[in-house]
Amino acid sequence: MTAQEASHVDVLIVDDQAPFRSVARALVRLLPGWRVIGEAESGEDAYDQAALAHPTMILMDINLPGINGIEATRRILARSPETKIVLLSTYAADDLPPDAATCGALTYIRKDDLTPALLRALPV
């Protein structure tokens with residue numbers, strides 16, 4: 001099922017920078033049927049909120065205080081493998097930490113490239 005066909009997509013935004021969370025929230029709100037159900041500022045907070053809110057998708061920054069986004073992704077997917085997690089950062093794809101490719105995330109998107117159209121194209 002594509003995101004366009006989904007009745008709703010519940011999104012958890014995880015980033016330690018409030019300005020980026022605001023931008024991500026605005027992008028998600030542009031998509032019919034998508035809604036932000038929570039925000040987190042750390043990997044630990046993301047893990048806890050994911051357990052409570054059961055998001056369809058998590059937009060996960062890689063660089064977070066505490067456990068990073070890659071480790072948070074592993075932990076969340078170990079508990080809820082149906083969750084779709086998109087890693088985000090300012091890194092070029094070639095500069096990603098090696099474990100970004102093996103943590104189970106759906107994909108990686110540079111923050112500068114994040115658009116409603118790109119989100120809508122993801123399999124949810």
Side-chain angles (χ1 to χ4, degrees):
M1 173 184 310
T2 67
Q4 289 177 315
E5 297 166 335
S7 59
H8 66 274
V9 179
D10 292 334
V11 180
L12 174 64
I13 298 170
V14 184
D15 197 290
D16 59 331
Q17 301 293 317
F20 182 77
R21 290 195 313 272
S22 178
V23 168
R25 192 169 47 248
L27 289 174
V28 169
R29 288 182 177 155
L30 291 173
L31 296 169
W34 289 54
R35 61 186 178 186
V36 175
I37 59 167
E39 296 180 19
E41 296 182 26
S42 71
E44 292 87 352
D45 192 19
Y47 181 80
D48 293 342
Q49 284 198 43
L52 296 172
H54 305 287
T56 311
M57 178 176 287
I58 300 174
L59 300 178
M60 177 81 72
D61 186 25
I62 290 177
N63 292 316
L64 295 169
I67 62 170
N68 67 26
I70 294 168
E71 181 59 27
T73 295
R74 275 195 196 94
R75 293 180 188 188
I76 291 166
L77 292 175
R79 183 178 54 207
S80 302
E82 72 284 355
T83 304
K84 306 298 184 200
I85 301 179
V86 175
L87 292 178
L88 302 168
S89 187
T90 56
Y91 295 128
D94 291 343
D95 296 329
L96 288 173
D99 51 349
T102 60
C103 69
L106 178 64
T107 192
Y108 168 73
I109 299 173
R110 285 191 70 228
K111 288 181 178 181
D112 290 346
D113 298 334
L114 188 65
T115 64
L118 192 53
L119 288 175
R120 189 179 316 113
L122 295 172
V124 179

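Side chains included, hydrogens not; waters and symmetry mates left out as well; all remaining heavy atoms used.
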With rounding to the nearest 0.5 angstrom, report the [atom1] to [atom2] distance, [X] to [Y].
{"X": "L59", "Y": "L114", "atom1": "CG", "atom2": "CG", "result": "6.5 Å"}
{"X": "I62", "Y": "L96", "atom1": "CD1", "atom2": "CG", "result": "5.0 Å"}
{"X": "L118", "Y": "T107", "atom1": "CG", "atom2": "OG1", "result": "7.5 Å"}
{"X": "D61", "Y": "F20", "atom1": "CG", "atom2": "CZ", "result": "7.5 Å"}

Enumerate donor-acceptor pairs with a distance under 3.5 Å from any side-chain N or O in residues 78-86 to protein atoms, sequence neighbours excluded.
unit_1: R79; atom_1: NH1; unit_2: Y47; atom_2: OH; d: 3.0
unit_1: R79; atom_1: NH2; unit_2: Y47; atom_2: O; d: 2.6
unit_1: T83; atom_1: OG1; unit_2: S80; atom_2: O; d: 3.2

List in chain and number order the residues that pass salt bridge (charged side-chain N to carboxylate O under 4.0 Å, His left out) with R21, two or more places apart in sequence or in another chain; answer none if no residue qualifies.
E39, E41

Show every donor-acceptor pair shorter than 3.5 Å between a side-chain atom in residues 11-19 and any protein atom, with sequence neighbours excluded, or say none if there are none.
unit_1: D15; atom_1: OD1; unit_2: Q17; atom_2: N; d: 2.7
unit_1: D15; atom_1: OD2; unit_2: K111; atom_2: NZ; d: 2.6

What closest approach, in Å, do [X] and [Y] show between heavy atoms, and which atom pair accounts for it?
{"X": "A46", "Y": "M60", "answer": "CB-CE, 4.2 Å"}
{"X": "G104", "Y": "L77", "answer": "O-CD1, 3.2 Å"}
{"X": "Y91", "Y": "P97", "answer": "CE1-CD, 4.1 Å"}
{"X": "Y108", "Y": "L88", "answer": "CE1-C, 3.9 Å"}

Identify each donor-acceptor pair in which a side-chain atom of residues 65-76 lies under 3.5 Å from a protein atom, sequence neighbours left out, and give them as a table.
unit_1: N68; atom_1: OD1; unit_2: I70; atom_2: N; d: 3.0
unit_1: N68; atom_1: OD1; unit_2: E71; atom_2: N; d: 2.8
unit_1: E71; atom_1: OE1; unit_2: R74; atom_2: NH1; d: 3.2
unit_1: E71; atom_1: OE2; unit_2: R75; atom_2: NE; d: 3.0
unit_1: T73; atom_1: OG1; unit_2: G69; atom_2: O; d: 2.7

Quick one: side chain to side chain contact (heavy atoms under 4.5 Å, CB included) partners of S22, sequence neighbours excluded?
R25

Taken in chain and number order and not counting sequence neighbours, the residues that satisfy side chain to side chain contact (heavy atoms under 4.5 Å, CB included) with D10 are H8, R35, I37, T56

